[in-house]
Amino acid sequence: MGIYRLSNGVVSRAEASLEMPRPRTPYNAMARRLQKTALLLACMAPLSISGSGKNGSATQLPGYKAVSVRYGPMNKMIMSVRVNGQPANLLVDTGASRVILDKEAAESVGVRPFQRALYQVRFAVPSQVFTMGNEINGQLLPAGLAQSFSAGSMNFGTTQIAVRNSKHSGSGTGSGRVDGVLGLDILLRHKALINCRTKLVFFKVDPARRMNLDSVAASEKFTRVPIQREDTGALTVPCSIRGQSVRVLVDTGAFVTMLHESFATSLGVAAEPTRISAQFARGASKRISAAKMDDFYIGAFKVPLEKFGVATLPRFALQQGDTKIAGILGMDTLYICRAIIDLDGMGLFLK
């Protein structure tokens with residue numbers, strides 16, 4: 001799910017926030033108090049986003065391998081990867097079920113869709129079955145195979161990759177260029193820990209390692225919200241908006257937090273037009289309105305008063321099995337609220 005801005009458009013103040021360096025926080029007293037130095041430094045400390053990747057101690061978490069990310073235009077969390085030895089930039093997207101490459105990028109790194117007329121193909125990779133296609137957001141995409149796939153020091157091994165035709169293929173230039181998305185298949189398989197503020201993603205490499213993130217988070221005044229995985233595979237969290245209990249998607253690939261227009265209208269929310277549009281899979285762009293929410297809770301966490309998007313969301317986003325969705329929790333809110341997404345303990349931590 002990609003969000004982009006029209007020319008001369010006005011964007012959320014979160015975009016400015018992403019570009020502003022944050023003050024460093026001293027760690028010594030914190031580490032002594034909790035006897036969990038590595039966990040605190042790696043997961044909780046609000047490091048300067050311009051310096052977090054340079055601090056070696058902040059990238060060490062026993063049993064995990066850390067991979068740095070960066071923020072590109074429109075709040076895109078971008079990870080540099082290597083596919084078949086060739087470099088590519090992927091959007092870290094908890095709203096996507098699979099690793100996806102745009103067609104041109106796939107061709108350049110030697111990933112080609114399977115040609116055999118079989119429904120299913122099995123490869124000699126433990127516990128993995130590779131299918132001929134992937135249904136993503138109601139669209140069947142062809143699938144190919146990368147013999148090698150890595151990010152930083154993390155080796156994901158042989159990986160199935162969906163290939164899409166994209167109007168925005170290779171969008172951006174330089175470090176802001178995006179060639180596809182890193183989806184939940186990789187993130188869940190490796191029990192990823194995504195720190196939206198410190199620009200680090202941790203992948204679990206020691207299955208025996210147990211991390212008590214809850215107690216550390218509580219001591220640092222984070223609020224834990226349980227993440228539920230729906231029948232469709234989507235990640236959702238409970239919300240309360242003006243007293244109405246709903247669920248929203250956790251989507252790091254979305255630029256802004258958005259509510260479904262009819263739901264916002266039912267609450268009597270007054271929305272103002274903007275020049276920002278959203279582009280959803282297989283659909284035309286949709287203009288986003290903006291509205292302030294003064295009674296917005298994610299679990300027990302009260303979200304700071306901000307403007308949120310209001311748009312008509314596509315059906316594939318609104319209906320997740322038997323669960324009806326009222327909106328999308330996007331990167332602006334996740335960043336502002338110092339979100340940590342724990343896909344091992346299935347918790348969203350906010351502060």
Side-chain angles (χ1 to χ4, degrees), residues 1-3 92-100 119-120 127 129 131 133-141 143 162 181 183-189 191-192 194 223-254 256-269 278-283 286 288 291 293 295-301 303 308-331 333-334 339 341-350:
M1 185 175 299
I3 308 298
V92 179
D93 189 354
T94 59
S97 61
R98 293 283 180 181
V99 177
I100 305 172
Y119 174 75
Q120 196 173 73
S127 303
V129 173
T131 59
N134 293 274
E135 187 171 338
I136 299 174
N137 295 338
Q139 182 179 13
L140 188 64
L141 299 181
V181 301
L184 284 176
D185 54 341
I186 290 290
L187 296 172
L188 285 169
R189 184 184 309 153
K191 310 294 185 184
I194 304 170
T223 299
R224 183 186 187 277
V225 181
I227 295 175
Q228 177 174 301
R229 193 175 186 202
E230 305 296 339
D231 293 341
T232 58
L235 305 181
T236 69
V237 288
C239 287
S240 173
I241 305 172
R242 294 194 173 180
Q244 294 292 316
S245 296
V246 295
R247 299 196 72 86
V248 295
L249 297 172
V250 180
D251 190 351
T252 59
V256 292
T257 294
M258 288 184 287
L259 297 179
H260 185 45
E261 187 173 44
S262 63
F263 173 70
T265 300
S266 72
L267 298 179
V269 173
Q279 179 72 43
F280 298 99
R282 294 198 304 166
K286 298 178 184 292
I288 301 176
M293 298 289 176
D295 187 14
F296 186 3
Y297 286 83
I298 303 172
F301 178 82
V303 180
F308 300 97
V310 176
T312 301
L313 301 179
R315 184 175 179 179
F316 66 77
L318 293 172
Q319 192 68 45
Q320 302 294 333
D322 294 330
T323 302
K324 292 183 178 180
I325 303 300
I328 297 170
L329 182 60
M331 272 306 308
T333 303
L334 292 170
I341 302 170
D342 176 16
L343 296 182
D344 189 7
M346 293 301 284
L348 171 67
F349 297 87
L350 303 169

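A donor-acceptor pair under 3.5 Å is absent between the side-chain atoms of T257 and the main chain of F308, judged by distance alone. A distance-only check finds no donor-acceptor pair linking the side chain of T312 to the backbone of E261 [under 3.5 Å]. A donor-acceptor pair is defined here as one N or O able to donate and one able to accept, closer than 3.5 Å; such a pair exists between the side chain of T252 and the backbone of V92.
Pairs engaging residues 232-249 under the salt bridge (charged side-chain N to carboxylate O under 4.0 Å, His left out) rule: E230-R247 [sequence neighbours left out].
Nearest heavy atoms, I328 versus A254: CG2-CB, 3.8 Å. The two residues I298 and V225 have their closest heavy-atom pair at O-CG2, 3.4 Å. The two residues A96 and V181 make their nearest non-hydrogen contact at CB-CG2, 3.9 Å. Looking at every heavy atom in both residues, A291 comes nearest to V310 through CB-CG2, 4.1 Å. Minimum interatomic distance between P238 and P226 (heavy atoms only, all atoms of both residues): CD-O, 3.6 Å. When all heavy atoms are compared, the tightest approach of M258 to A311 is SD-CB, 4.2 Å.
Contacts of F263 classified as side chain to side chain contact (heavy atoms under 4.5 Å, CB included), with partners at least two apart in sequence or in another chain: I241, Q244, V246, H260, S266, L267, A326. Taking the side chain to side chain contact (heavy atoms under 4.5 Å, CB included) definition, one finds that A234 meets it with T232, L249, Q320, sequence neighbours left out. For D342, there are no salt bridge (Lys or Arg N to Asp or Glu O under 4.0 Å) partners two or more places apart in sequence or in a different chain. Partners of F301 according to the ring-ring contact (aromatic ring centres under 6.0 Å, His included) rule, which considers only residues two or more places apart in sequence or in another chain, do not exist here. In terms of the side chain to side chain contact (heavy atoms under 4.5 Å, CB included) criterion, residue partners of V248 (sequence neighbours excluded) are, by chain and number, V237, C239, L329.
Separation of atoms CD1 (I341) and CG (L350) is listed at 9.0 Å; rounding is to 0.5 Å. With values rounded to the nearest 0.5 angstrom, L334 atom CG is found 6.5 Å from L348 atom CG. One finds the OG atom of S262 at 8.5 Å from the CG atom of L313 (value rounded to the nearest 0.5 Å). For the atom pair CG (L188) and CG (D344), the distance works out to 10.5 Å, reported to the nearest 0.5 Å. Atoms OG1 and CG, on T333 and D251 in that order, are 12.0 Å from each other to the nearest 0.5 Å. A distance of 5.0 Å separates CG of L187 from CD1 of I194, quoted to the nearest 0.5 Å.
Side-chain contact between R98 and L141 is absent, with no heavy-atom pair separated by less than 4.5 Å. Side-chain contact between L318 and R315: absent, with no pair of heavy atoms (C-beta onward) separated by less than 4.5 Å. In this structure the side chain of M293 never reaches within 4.5 angstrom of the side chain of V303, judged on heavy atoms. Side-chain contact check for L235 versus R229: some heavy-atom pair is nearer than 4.5 Å.
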